[in-house]
Each structure stands twice: as C-alpha cells, then as structure tokens.
Amino acid sequence: MEYCYDKRLIDINSTINLSHKHKVILWLWKKCGTSHMSKIMNNFDFKFYMVENNNFILLEDNIVQKHYCNLFHGHEDYKLLTAVRNPYSRFFSEYTFNRDPEEFIDNEINKEKFKSLIYRSIVHSDFYPNDCIDFSERVPDYVVRVENLYEDYSKIPFIVESDYYKSGELKKMTTQKINVSNKDEFLWKKFYTQEIADIVYYRMLRYFEMFGYDKDSWKK
C-alpha cells in the first residue's frame, strides 16, 4: 500500500521508525549497517510514522532509512533498538562513501582528506546534533553491532521467538553484505594516527564505553 504525503511538509524531527506490535523504536545512525538492518527489521512489522499531538500518522508501511534519533511523549512504553558500529571504522566508511571515486586509497593526499573530514565532523561543527551519539535522553535496550550481527540479534526476545529466526533465515542474512560502499572501507586502520584517533575517542567516549569498543582498536 502506498501512502501519499508531501515530504517537503514533514518535520524530520517528528518522524520515527517503530513497531507497535513489538513496542520497539528503531534508531538508525548512518554508516552503521542501516541498509542491512532495515532489510532484516522489515520482517518485524516496523513502519515509518510522523508523531503529531501524541498521534501516530503512518507515512510508510516499512522502514525509512532516516538517520535522526527522535523520541516522543510516551516513548518510555517502548523498547529502544539501535544500530551501532566501532566509531573508527564508521568515520572511515563515511569518508569512502563521500570521497571522489578518482582518488587512490594509498595516496597521501587522501589521508589528509580523511583527517580533514574528522576535523570538519567533530572539531569544527556541532557534530551530528542528535541523540544517536551520546544517548543522553535514552539508553538503548537492544543494541546490534555491525561487528556482531547474529550474536546481538540473538539477544533480542521478539526476534528469537520469530519464525524468521528459527528457520535460519536471519543467520543466513547476517552473512550477506549489503550496500558496501567501497572495498577500501576495510583498510580503515592504516588511515588513523594517534592524533586522529584521540579526536574520535574523546568526543565519543560514552559511545565507546557503552558498546564495548576498544580505545586502541585502530592499532590492532
């Protein structure tokens, strides 16, 4: 079923992906495997809503990959599920996604451009002013790390109880790659220096600690 609405008139800060059936809100910070997660979670009755005057207005009958982490009055009655990723690899993924395709990965100029991205994103900006970063308003009840997909999905009750999980389809899906922006994305460690790593780590200290990411993982 298609829903007709003027996207220009929608306040993105009033929209949210959630499942009323499972009473779960879904937060998708970009470059955290959100295409993959969306495909999986569309099996669990998640839809895209606008919240207006405490009413849920259905906009899409499936997940929309919006990367704002919004809440609403009464969110405490829902569990919160969020996608997370090692911040070091996440920022490099953003760099590879946005870089000029004619650049070469081993060119020293590229390393400088990556450093510039970190400075623009973290040092010289408000750095994604939404709660996907610090979780100051709400701590997730369920977390799915890009690095531990099947293990983390297997900790979520409504997923484990589903036929999708019991049939083995979810396990099969977690072995597949979706929307990998660039093969160079897997070479992220060599682009970090202590200076760049420290900028990321100390800005995202809470994120590292909450989700068990190692401060020195860029070295290993």
Side-chain angles (χ1 to χ4, degrees), residues 1-85 87 90-91 93-94 97-98 121-122 125-146 149 152-153 155-165 170 173 178-179 181 204 206-207 210-211:
M1 180 178 180
E2 294 186 0
Y3 299 88
C4 297
Y5 60 96
D6 190 339
K7 295 181 180 180
R8 296 170 299 178
L9 301 178
I10 298 298
D11 177 6
I12 57 174
N13 292 311
S14 68
T15 58
I16 199 161
N17 290 296
L18 63 82
S19 168
H20 286 301
K21 177 179 179 179
H22 300 294
K23 302 288 284 186
V24 175
I25 299 165
L26 179 63
W27 279 2
L28 303 168
W29 189 27
K30 64 179 179 177
K31 310 313 296 180
C32 290
T34 55
S35 294
H36 195 285
M37 174 175 266
S38 296
K39 187 168 183 178
I40 289 176
M41 300 313 296
N42 272 326
N43 292 280
F44 294 95
D45 300 287
F46 280 83
K47 305 180 192 303
F48 186 59
Y49 296 90
M50 179 173 69
V51 184
E52 187 174 74
N53 298 323
N54 296 329
N55 295 314
F56 293 97
I57 301 170
L58 182 64
L59 299 180
E60 299 283 349
D61 199 23
N62 49 48
I63 292 169
V64 172
Q65 281 184 252
K66 57 176 288 295
H67 303 300
Y68 289 84
C69 296
N70 303 322
L71 292 172
F72 52 88
H73 180 71
H75 68 86
E76 301 88 352
D77 296 329
Y78 291 72
K79 298 291 188 181
L80 175 61
L81 167 60
T82 186
V84 302
R85 181 177 186 174
R90 184 236 169 257
F91 276 106
S93 178
E94 182 168 346
F97 183 78
N98 291 313
S121 299
I122 300 179
S125 77
D126 292 331
F127 184 53
Y128 306 107
N130 62 72
D131 211 33
C132 296
I133 308 300
D134 294 317
F135 298 96
S136 56
E137 291 188 62
R138 178 77 186 264
V139 175
D141 300 281
Y142 307 129
V143 172
V144 175
R145 296 163 292 175
V146 169
L149 291 175
D152 288 345
Y153 279 124
K155 297 175 182 177
I156 302 174
F158 75 87
I159 290 180
V160 174
E161 294 166 1
S162 70
D163 290 338
Y164 185 71
Y165 180 88
L170 185 140
M173 184 63 183
I178 294 178
N179 198 26
S181 59
M204 300 191 67
R206 176 177 168 84
Y207 194 101
M210 285 183 67
F211 306 126

From [X] [atom1] over to [Y] [atom2], what is the distance, rounded to the nearest 0.5 angstrom?
X	Y	atom1	atom2	answer
Met50	Thr15	CE	OG1	9.0 Å
Thr34	His36	OG1	NE2	11.5 Å
His75	Leu18	NE2	CG	12.5 Å
Ile57	Tyr49	CD1	OH	11.5 Å
Leu81	His22	CG	NE2	11.0 Å
Asp152	Arg145	CG	CZ	4.0 Å

Open item on the list: Using a 3.5 Å distance criterion without hydrogens, assess whether the side chain of Asn42 forms a donor-acceptor pair with backbone atoms of Lys39.
Closed with: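 Side chain of Asn42 to backbone of Lys39, a donor-acceptor pair under 3.5 Å: no, none is there.
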Open item on the list: Looking at His20, is its backbone amide N or carbonyl O close enough to the side chain of Asp45 to form a donor-acceptor pair, meaning the two atoms are under 3.5 Å apart?
Closed with: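 Checking the backbone N and O of His20 against the side chain of Asp45, no donor-acceptor pair under 3.5 Å is found.
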- [ ] Take the angle between the ring planes of Phe211 and Phe135 and call it parallel below 30°, perpendicular above 60°, tilted in between.
- [x]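 It falls in the perpendicular class, over 60°.
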TODO: Please assess Val139 against Arg206 for the test side chain to side chain contact (heavy atoms under 4.5 Å, CB included), listing each intermediate value before the final yes or no.
DONE: CA-CA 11 Å; Val139 175; Arg206 176 177 168 84; 3.6 Å; yes
Task: Greater than 12 external heavy atoms within 6.0 Å of Asp77's CG - done: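 Atom CG in Asp77 is crowded, with more than 12 foreign heavy atoms closer than 6.0 Å.
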Open item on the list: Take a 6.0 Å sphere around NZ of Lys23 and say whether it holds more than 12 heavy atoms from other residues, nucleotides or ligands.
Closed with: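 Enclosed: over 12 neighbouring heavy atoms sit under 6.0 Å from NZ of Lys23.
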Task: Validation row: Met210, Val143 side chains within 4.5 angstrom (heavy atoms) - done: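 A side-chain contact is absent here, since even the closest heavy-atom pair is not under 4.5 Å.
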Task: 4.5 Å side-chain heavy-atom contact, Pro157 and Tyr142 - done: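 Pro157 reaches Tyr142 side chain to side chain.
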TODO: Go through Met204 and Phe91 one step at a time and tell me if the side chain to side chain contact (heavy atoms under 4.5 Å, CB included) criterion holds.
DONE: CA-CA 12 Å; Met204 300 191 67; Phe91 276 106; 3.6 Å; yes
Could you tell me which non-hydrogen atom of [X] sits nearest to which non-hydrogen atom of [Y], and how far apart they are?
X	Y	result
Arg85	Lys31	NH1-O, 2.8 Å
Gly33	Val146	N-CG2, 3.9 Å
Val64	Asn17	O-ND2, 2.8 Å
Cys32	Ala83	O-CB, 3.6 Å
Lys47	Asp61	NZ-OD1, 2.6 Å
Cys132	Tyr207	O-CE1, 3.8 Å

TODO: Compute the centroid of each ring, for Phe72 and then for Tyr78, and state whether the two points are separated by less than 6.0 Å.
DONE: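 Phe72 vs Tyr78: aromatic centres under 6.0 Å.
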Open item on the list: Assess the residue pair Ile63 and Leu28 against the criterion (side chain to side chain contact (heavy atoms under 4.5 Å, CB included)); give the C-alpha distance rounded to whole Å, side-chain angles, the decisive distance to 0.1 Å, and a yes or no.
Closed with: CA-CA 10 Å; Ile63 292 169; Leu28 303 168; 3.9 Å; yes
TODO: Examine Arg90 relative to Trp29 and say whether NZ or CZ is less than 6.0 Å from the centre of the six-membered ring and inside a 45° cone about the ring axis.
DONE: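 Geometry flag: set, cation within 6.0 Å and 45°.
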